[in-house]
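Worksheet: the structure to be examined is printed underneath.
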Amino acid sequence: MVPWPARALPLTPSNSDCVQVVFDNQQAEPEYCIEGRKIDLNGRIGLPGWTITAKPLDDSDEDPDDVVTDGLGMYEFTFSGNDYRVPGSRYEICEDYDDIDGWVPRGPTCYTVTLPQQPGACVVVPDFVNQ
């Protein structure tokens, strides 16, 4: 699947014959997501390499894998837009601060979020802050 706008790559035929190339665009299915940041209290700089968990609060909800913050301290959980379990699901989003010595939480270590009823929107979790 090529995101819109589609990008054409240069083609070099192996012989002098013309080659017909057909490009199709496909609309991406709307999804649900939970996104947030892990930051250092001093300077509000993103912290990479921290594990973030999403625990479903109802037995029937989808149980996503843990994610790790990127180089800017960002993380995201993505859920399918056509999964009947997803709309309105509640999750407890937590930082795993025990893994890294010397850091102390300076705010909540878990937040409860509810996914929207319609796909295409992300829930933004307040920042996890450590010092």
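Just so we're clear, the structure is a prediction, and the values are computed from it rather than from any experiment.
Two different hydrophobic clusters hold Met74 and Ile39 under the rule that ILVMFWY side chains link at heavy-atom gaps under 4.5 Å. There is no path of hydrophobic side-chain contacts, each under 4.5 Å, that joins Leu41 to Tyr111. Ile93 and Val129 are not part of a single hydrophobic cluster, where members link through side-chain heavy atoms under 4.5 Å apart.
The minimum heavy-atom distance linking Ser80 with Val86 is given by the pair O-CG2, 3.8 Å. Summarising the geometry of Ala54 relative to Asp63, their closest heavy-atom pair is O-OD1, 3.9 Å, with the distance given to 0.1 Å. Nearest heavy atoms, Asp40 versus Gln131: OD1-CA, 4.0 Å. Among all heavy-atom pairs drawn from Leu47 and Thr69, the shortest one is O-OG1, 2.7 Å. Of all the heavy atoms in Tyr32 and Pro87, the pair that sits closest is OH-CG, 3.3 Å. The shortest non-hydrogen separation linking Pro105 to Glu95 is CB-OE2, 4.1 Å.
Ring geometry, Trp50 versus Trp103: the interplanar angle exceeds 60°, so the pair is classed perpendicular (tilted spans 30 to 60°).
Taking the side chain as every heavy atom from C-beta outward, Ser89 and Asp58 never approach each other to under 4.5 Å.
Crowding of Asn42 atom CG: a count of heavy atoms from other residues, nucleotides or ligands under 6.0 Å exceeding 12.
Under a 3.5 Å cut-off, the side chain of Tyr91 and the backbone N or O of Glu62 do form a donor-acceptor pair.
To the nearest 0.5 Å, the span separating CZ on Phe77 from SG on Cys33 amounts to 11.0 Å. For the atom pair CG of Asp70 and CZ of Arg37, the computed distance is 10.0 Å after rounding to the nearest 0.5 Å. Going from atom CG of Asp96 over to atom CZ of Phe128 covers 10.5 Å, rounded to the nearest 0.5 Å.
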Any chance you could lay out the side-chain contact (heavy atoms from CB on, under 4.5 Å) test for Val67 and Glu76, step after step, and finish with the verdict? CA-CA 7 Å; Val67 296; Glu76 181 177 88; over 6 Å; no
